[in-house]
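Quick note on labels: first sequence line is chain A, next is B, and so on, each numbered from 1.
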2 protein chains.
Amino acid sequence: MPRAGLDQATVTAAGAALADEVGFGALSMGLLAERLGVRTPSLYKHVTSQADLAHRIAVLALNEFADAIRDAIQGRAGREALVSGAHAMRRWVLAHPGRYAAGNAAVVTGPDDPLLPAVQRVLASWTAMLHGYRLDRGQDIHALRMLRSMLHGFATLEAAGSFRIATDIDDSFTWMLDFIDHGLAGNQPDSRTAP
Amino acid sequence: MPRAGLDQATVTAAGAALADEVGFGALSMGLLAERLGVRTPSLYKHVTSQADLAHRIAVLALNEFADAIRDAIQGRAGREALVSGAHAMRRWVLAHPGRYAAGNAAVVTGPDDPLLPAVQRVLASWTAMLHGYRLDRGQDIHALRMLRSMLHGFATLEAAGSFRIATDIDDSFTWMLDFIDHGLAGNQPDSRTAP
DNA sequence: CCAAAAAGCTAATCTCATTAGCCAGCGGTG
DNA sequence: CACCGCTGGCTAATGAGATTAGCTTTTTGG
């Protein structure tokens, strides 16, 4: 019988896809093996452990995530960049909840962990976007943390189904971005939208 | 030999304490049993399953969480209430990471789930706090969602050790609360603090 | 003091992750 | 074309955890 022809990348990609389908927490070696048409122990020829698999999925996920945000911010500035980037992030998380969870659960293991550059890429995009607001020195780090908190919090709460009231969640997200934009733009409500 | 004298409440409380110590994810029936000086199967005389235990911990946690926020907001309004409540929440999460994780992982199972009133209590406190800002009709729900996203996001990122830069995290938290307060107060930076 | 309910315990089952050891397909070499 | 070594897949076995079954003994109401 011919071999399945798996390799690290294939197994990782399949794991990521499966995590999106069944939830990162429900991802198991057995389920993944079945999905790949192989017996469970065979997976260990490509990943050293379930933790290793999870880490590889996280690296893959964070790079895709970084790509999505970078592309959404490209060529835009200020409010445009904020809104585009934030919506891209939200869309990506809703489309890839398992990958997002894997990325959040991952821990940097050492100085040459490929997770590190992936994380940096995400932060670099947000930082570049914030530069458009020309904040005072020292405010950048606070604004970045606030932005991350807000977007990450919104994404996880939404993914967890914690927004239960009927009011449209899209509206809340847009409202929140407006709030941030106005605040960052220096409390000058209409300065950016007036003709 | 005398009995250990356990009951549901004791087991749940011990489980919550253990979750705070070792992390909610590392909580196991065996570890809890050992902590209580009993054999693992004995726990099943008090909780029906590990999922049941986790749910009970979540209910306990959310009620304690609600208490902390209610107490912090009591007797204050506007910025005072926001800052006090937010700091109380942050302090509570840092002191009880396992409980907080249990509360987040919990899912409402039915219409008479005791988790429901606990969640409502938390939301009610935040809603009451926001009333102090006299927002326009329809804005409340958006502001509430933004507040939850921001605080939950900050708390989870901080608990996960995701804020790695040296800059003081306390400062970022305070900066974020100022940002929110200013925005909610209607983009009138000094209207609330001027004599 | 007695009987039933409650709370512990041991032994056994099941699900998973992981390891050990065997065997066959594949690619390159003579 | 036959051969060799590596690699990827397989079966069998181990070990941690959750959970269940069934037995025993403390507790408690009468």
Side-chain angles (χ1 to χ4, degrees), chain A residues 1-61 98-99 101-102 104-107 109, chain B residues 1-61 98-99 101-102 104-107 109:
Chain A
M1 304 109 236
R3 291 187 181 175
L6 302 179
D7 62 8
Q8 249 176 30
T10 311
V11 171
T12 303
L18 189 53
D20 284 336
E21 287 176 43
V22 305
F24 181 61
L27 182 61
S28 71
M29 297 301 273
L31 199 53
L32 179 56
E34 185 181 0
R35 175 64 58 98
L36 289 168
V38 115
R39 296 314 185 105
T40 306
S42 303
L43 294 180
Y44 289 83
K45 285 292 158 77
H46 307 291
V47 295
T48 70
S49 66
Q50 188 171 34
D52 177 47
L53 170 66
H55 193 267
R56 285 174 195 285
I57 292 174
V59 173
L60 171 68
R99 286 163 151 89
N104 288 133
V107 170
T109 61
Chain B
M1 305 113 235
R3 292 187 180 178
L6 303 179
D7 61 8
Q8 250 175 28
T10 311
V11 171
T12 302
L18 188 52
D20 284 337
E21 286 177 44
V22 303
F24 181 60
L27 181 63
S28 71
M29 298 300 275
L31 199 54
L32 179 56
E34 184 181 358
R35 176 64 59 98
L36 289 167
V38 114
R39 296 313 183 110
T40 306
S42 303
L43 294 180
Y44 289 83
K45 285 291 156 75
H46 307 291
V47 295
T48 70
S49 66
Q50 188 172 32
D52 177 48
L53 169 67
H55 194 268
R56 286 175 195 286
I57 291 174
V59 172
L60 171 68
R99 287 164 151 87
N104 288 134
V107 171
T109 60

Just how far, in rounded Å, is P of D:dG8 from CG of A:Leu36? 14 Å

I need the OH-P distance between B:Tyr44 and D:dT19, as an integer number of Å. 3 Å

Correct closest heavy-atom pair for A:Leu32 and A:Gly15 would be CD1-N, 3.6 Å

Rounding to a whole Å, what distance do you find between B:Glu34:CD and D:dG17:C1'? 14 Å

Using whole Å, what does the distance between atom P of nucleotide C:dC16 and atom CG of A:Leu27 come to? 12 Å

Using whole Å, what does the distance between atom C1' of nucleotide D:dT20 and atom CD of B:Gln50 come to? 16 Å

Does a side chain donor of either A:Asp7 or A:Thr10 reach within less than 3.5 Å of an acceptor in the other side chain? yes

Does a sphere of radius 6.0 Å around CD in A:Glu21 hold more than 12 heavy atoms from other residues, nucleotides or ligands, not counting ones at 6.0 Å or beyond? yes

Looking at every heavy atom in both B:Thr109 and B:His55, which two are closest together, and how far apart are they? CG2-NE2, 4.2 Å

Looking only at heavy atoms, which two atoms of A:Leu53 and A:Thr12 are closest? And how far apart? CD1-CA, 4.3 Å

B/S/- contact track for nucleotides 7-13 of chain C, protein heavy atom under 4.0 Å: BBBBB--

Atom pair CD1 (B:Ile57) and CD (B:Gln50), whose distance is rounded to the nearest 0.5 Å: 9.0 Å

